[in-house]
Amino acid sequence: MSNIHPTAIVDPSAEIADSAIIGPYCIVGKNVKIGEKTEMMAHSQVLDYSELGESNIISPSAIIGGAPQDIGYKGEPTKVIIGNNNVIREYVTINRGTTKQSGQTVIGNDNLFMVYSHIAHDCVVENNCILTNMTQIAGHCHLHDNVICSASVLVHQFINLGERCFVAPNSIVRYDCIPGVIYDGNTAKARTLNVIGLKRAGYEGEEFKHIKKVFKLLCKSDIHLEEAIKQVEEQEWCSEKFVNIMLKHAKRMVETTGSRSGNLE
């Protein structure tokens, strides 16, 4: 416990790993768990029922585990659960869940949340995501692996952002986003493939050509999204890894929103 600064306020019920660092004027709430080598910098807060894994960095004035901003919340012991190796910069807020869903806001591993970004109640953020300054994620959203939201992006509640999506600055996301696609605008629409992100992930050659064909069918054609999905499924290469990821997400869009187009126009 020698790594806890004497000015920090730590609830006796908190479980703090020996190698964790709790800096000056930090607040650690009740039933909190903080893993090995996680560091809370000055004036940061990890509030009730929050669980943090290993090697996370919590920057000054960030607040994890604040009560959900939901008028139906009545003080239930819901949670924020955070994995390993996340960087949470200054003034980031991550609210715990509500009883309307799983009771948890869940953050995976290796994410970067920049200054003033916000993750609301009941969200899931998977791994290797980047939320740039002032990005605001409303409740019940799901960000899949390797999503990047540029500065001042607003994401409406109950939205799914597919794997390797890139959302351009100042965009407002009102509908689900197909994996591997760049979105831009108010309302954000599919503009082009996230070529750089996909190639960095190793998608190239014939496989990349197939992804490009799927993008054109799902997001840029005039046919109904259900018909576009059928046309992709008729291809002999439809089971390729990222094509399959795009198909699964498109099917969910049809089921949940009834959308006619992957561009939602």
Minimal non-hydrogen separation, [X] against [Y], with atom names:
{"X": "G83", "Y": "N109", "value": "CA-OD1, 3.3 Å"}
{"X": "L247", "Y": "C238", "value": "CD1-O, 3.9 Å"}
{"X": "G35", "Y": "A20", "value": "O-CB, 3.6 Å"}
{"X": "D122", "Y": "G97", "value": "OD1-CA, 3.6 Å"}
{"X": "G180", "Y": "L198", "value": "O-CD1, 3.8 Å"}
{"X": "Q69", "Y": "N95", "value": "NE2-OD1, 3.4 Å"}

Please list, chain by chain and in numerical order, all residues satisfying ring pair (Phe, Tyr, Trp, His ring centres under 6.0 Å) with [X], sequence neighbours excluded.
{"X": "H156", "value": "none"}
{"X": "Y203", "value": "F242"}
{"X": "Y49", "value": "none"}
{"X": "F215", "value": "none"}

| query | Which residues satisfy the salt bridge (Lys or Arg N to Asp or Glu O under 4.0 Å) test with R174, sequence neighbours excluded? | reply |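 By the salt bridge (Lys or Arg N to Asp or Glu O under 4.0 Å) rule, R174 matches no residue at all.
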| field | Under the salt bridge (Lys or Arg N to Asp or Glu O under 4.0 Å) test, residues paired with K100 that sit two or more places apart | value |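 Partners of K100 by the salt bridge (Lys or Arg N to Asp or Glu O under 4.0 Å) criterion, ordered by chain and then number, come out as D70.
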[X] side chain vs [Y] backbone, donor-acceptor pair below 3.5 Å:
{"X": "S50", "Y": "V46", "answer": "no"}
{"X": "T78", "Y": "R96", "answer": "no"}
{"X": "E76", "Y": "K74", "answer": "yes"}
{"X": "N3", "Y": "D18", "answer": "yes"}
{"X": "R191", "Y": "D184", "answer": "yes"}
{"X": "N146", "Y": "E163", "answer": "no"}

| Remaining members of Y91's ILVMFWY cluster at a side-chain heavy-atom cut-off under 4.5 Å? | V115, Y116, M134
| task | Check which hydrophobic residues are tied to I172 through side-chain heavy-atom contacts below 4.5 Å, counting indirect links as well, and list them. | result | L154
Would you say the side chain of [Y] lies within less than 4.5 Å of the side chain of [X], judging by non-hydrogen atoms?
{"X": "I137", "Y": "H118", "result": "no"}
{"X": "C26", "Y": "I9", "result": "no"}
{"X": "I22", "Y": "H5", "result": "no"}
{"X": "M41", "Y": "I57", "result": "yes"}
{"X": "I159", "Y": "C141", "result": "yes"}
{"X": "S61", "Y": "E90", "result": "no"}
{"X": "V153", "Y": "V173", "result": "yes"}
{"X": "I21", "Y": "M40", "result": "no"}

Would you please say whether a donor-acceptor pair under 3.5 Å links the side chains of [X] and [Y]?
{"X": "H121", "Y": "T105", "value": "no"}
{"X": "S239", "Y": "N244", "value": "no"}
{"X": "N86", "Y": "N111", "value": "yes"}
{"X": "H142", "Y": "E126", "value": "yes"}
{"X": "H144", "Y": "N160", "value": "yes"}

Joint cluster assignment, [X] & [Y], ILVMFWY side-chain distance < 4.5 Å:
{"X": "V181", "Y": "F208", "value": "yes"}
{"X": "L193", "Y": "I245", "value": "yes"}
{"X": "I148", "Y": "F113", "value": "no"}
{"X": "V10", "Y": "V80", "value": "yes"}
{"X": "V147", "Y": "V124", "value": "no"}

Working to the nearest 0.5 Å, report the span between [atom1] of [X] and [atom2] of [Y].
{"X": "I94", "Y": "S117", "atom1": "CD1", "atom2": "OG", "answer": "7.5 Å"}
{"X": "C219", "Y": "Y183", "atom1": "SG", "atom2": "OH", "answer": "4.5 Å"}
{"X": "K220", "Y": "K189", "atom1": "NZ", "atom2": "NZ", "answer": "9.0 Å"}
{"X": "M114", "Y": "T132", "atom1": "CE", "atom2": "OG1", "answer": "4.5 Å"}
{"X": "Q101", "Y": "C123", "atom1": "CD", "atom2": "SG", "answer": "8.5 Å"}
{"X": "C149", "Y": "I130", "atom1": "SG", "atom2": "CD1", "answer": "10.0 Å"}

| Y25 OH: over 12 foreign heavy atoms closer than 6.0 Å | no
| said: Checking L112 against L131 for the side chain to side chain contact (heavy atoms under 4.5 Å, CB included) test, could you report, in this order, the C-alpha distance in whole Å, the side-chain angles of both residues, the deciding distance, and whether it holds? | reply: CA-CA 6 Å; L112 170 59; L131 304 187; over 6 Å; no
| task | May I ask you to decide if the ring planes of H140 and F158 are parallel, tilted or perpendicular, using 30° and 60° as cut-offs? | result | parallel
| task | Write out all pairs satisfying salt bridge (charged side-chain N to carboxylate O under 4.0 Å, His left out) with one or both partners inside residues 135-153, taking only residues at least two apart or from two chains. | result | none
| said: Show me the pairs that pass salt bridge (charged side-chain N to carboxylate O under 4.0 Å, His left out) and involve residues 230-250, at least two apart or across chains. | reply: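 Listed by first then second residue: E233-K251.
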| Which is it for V243 and V214 under the side chain to side chain contact (heavy atoms under 4.5 Å, CB included) test, yes or no, and what are the steps along the way? | CA-CA 7 Å; V243 169; V214 177; 3.9 Å; yes
| request: Report the C-alpha separation of I82 and E51 in whole Å, then their side-chain angles, then the decisive distance to 0.1 Å, and conclude whether the side chain to side chain contact (heavy atoms under 4.5 Å, CB included) test is met. | output: CA-CA 6 Å; I82 296 177; E51 299 180 10; over 6 Å; no
Could you tabulate the donor-acceptor pairs under 3.5 Å formed by side-chain atoms of residues 27-34, not counting sequence neighbours?
none

| Step-by-step side chain to side chain contact (heavy atoms under 4.5 Å, CB included) determination, V167 to L161 | CA-CA 9 Å; V167 185; L161 274 66; 3.9 Å; yes
| request: Just grab all the side chain to side chain donor-acceptor pair (under 3.5 Å) pairs involving residues 34-44, residues at least two apart or on different chains. | output: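 Residue pairs with at least one partner in residues 34-44: S19-E36, T38-N56.
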